[in-house]
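Scroll down for the structure; my scribbles are underneath it.
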Amino acid sequence: MATLLQDIKTQSDWITKAFAADNLKLDYTIHSFIEIDKFFNKHSKDGKALKGGRLSQNLGAIIFSLGSYVGQTIIKNIPGSVWQTNDNDPEGELNATIKLPDGTVIFPMQRMMKRFQNGSDDAVYVYGHHIAKDYIDESFDQSFWSIDENKDNQAKRPWWKFW
């Protein structure tokens, strides 16, 4: 049986492959969080998965995978950041945290739930860039503000057909 930390790493890698099937590039940069915001914009509205969209099935697993990716990206971009997991917690997937070098604790999976529920008010890119801005040499991409919220809301291929 895999540990929660192993599951996080596995699901983070899986979601990068799944996104690639939709020509969305997740490359473990903070900038790639824009792709996650595009994904949510395309497949959800008002805290609900769009019928036939990628979030209409296996929502919990996808939220966990996205949170895993966000967490792994934070760790890769902010030296000294570490996952804190508890394999004995029945809600360990939801409660997994990352401790940043300054002592701040963030909850990536819960943040993905907020993004799903609240829409772009809880944008992943804005959140991630704010957390990482003192550690990365990357200006905020102002083009983020022009992401089209309703463009092509229907998925073209089943989620599981990403190879």
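What you are looking at is a predicted structure, and each value in this text was computed from that prediction instead of being measured.
In this structure, Asp22 contributes its side chain and Leu24 its backbone to no donor-acceptor pair below 3.5 Å. The backbone N or O of Glu138 lies less than 3.5 Å from a partner atom in the side chain of His129, making a donor-acceptor pair. Checking side-chain atoms of Ser120 against main-chain N and O of Ala123 turns up no donor-acceptor pair under 3.5 Å. At distances below 3.5 Å, not a single donor-acceptor pair connects side-chain atoms of Glu35 with backbone N or O atoms of Ser32.
Closest non-hydrogen pair, Ala96 versus Thr85, comes out as CB-CG2, 4.1 Å. The shortest heavy-atom contact between Gln57 and Ile62 is O-CD1, 3.5 Å. Nearest approach of Ser44 to Leu55, heavy atoms of both residues: CB-CD1, 4.0 Å. Of all the heavy atoms in Gly53 and His43, the pair that sits closest is CA-ND1, 3.6 Å. Taking each heavy atom of Pro108 and Gly67 in turn, the nearest pair found is CB-O, 3.3 Å. Taking both residues in full, the closest heavy atoms of Ser56 and Leu50 are given as CB-O, 3.6 Å, listed atom of the first, atom of the second, then distance.
In this structure, Asn86 CG and Leu5 CG are separated by 12.5 Å, a value rounded to the nearest 0.5 Å. Separating the CD atom in Gln110 from the CD atom in Glu91 is a distance of 9.0 Å, to the nearest 0.5 Å. Expressed to the nearest 0.5 Å, how far NZ of Lys133 lies from CD1 of Ile30 amounts to 12.5 Å. One distance of note links CG of Leu100 with CG of Asp134; it measures 11.0 Å at 0.5 Å rounding. Separating the CZ atom in Phe40 from the CG atom in Asn118 is a distance of 11.0 Å, to the nearest 0.5 Å. Between the CD1 atom in Ile147 and the CG atom in Asp141 there is a gap of 8.5 Å [rounded to 0.5 Å].
Listed by chain and residue number, Tyr28 satisfy the ring-ring contact (aromatic ring centres under 6.0 Å, His included) test with Tyr69 (two or more places apart in sequence, or in another chain). Under the salt bridge (Lys or Arg N to Asp or Glu O under 4.0 Å) criterion, Asp37 pairs with Arg115, not counting sequence neighbours. With sequence neighbours excluded, no residue satisfies ring-ring contact (aromatic ring centres under 6.0 Å, His included) with Phe116. Legend: residues meeting salt bridge (Lys or Arg N to Asp or Glu O under 4.0 Å) with Glu93, ordered by chain and number and at least two apart, are absent.
Side-chain contact between Val70 and Phe33 is present, with at least one heavy-atom pair separated by less than 4.5 Å. Counting heavy atoms from C-beta on, the side chains of Thr73 and Asp27 never come closer than 4.5 Å. In this structure the side chain of Lys42 never reaches within 4.5 angstrom of the side chain of Phe39, judged on heavy atoms. Pro101 has its side chain within reach of Ser81: a pair of non-hydrogen atoms, C-beta onward, lies under 4.5 Å apart. When side chains are defined from C-beta on, Lys114 counts as touching Arg111, because their heavy atoms get closer than 4.5 Å. Annotation: side chain of Leu94 is not in contact with side chain of Phe64 (no heavy-atom distance under 4.5 Å).
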- Task: With side-chain contact (heavy atoms from CB on, under 4.5 Å) as the test, would you mind laying out the steps for Ile74 and Tyr127 before giving the verdict?
- Result: CA-CA 11 Å; Ile74 294 291; Tyr127 169 76; 5.9 Å; no

- Check the pair Ile136 / His31 against side-chain contact (heavy atoms from CB on, under 4.5 Å), numbers first and verdict last. CA-CA 11 Å; Ile136 60 173; His31 192 266; over 6 Å; no

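The salt bridge (Lys or Arg N to Asp or Glu O under 4.0 Å) analysis of residues 63-87, with sequence neighbours excluded, yields no pairs. Evaluation of the ring pair (Phe, Tyr, Trp, His ring centres under 6.0 Å) test over residues 70-109, restricted to residues two or more places apart or in two chains, returns none.
Note: Trp145 and Phe140 meet the aromatic proximity criterion, with ring centroids under 6.0 Å apart.
Between Phe144 and Tyr125, the ring-plane angle classifies as tilted under the 30° and 60° cut-offs.
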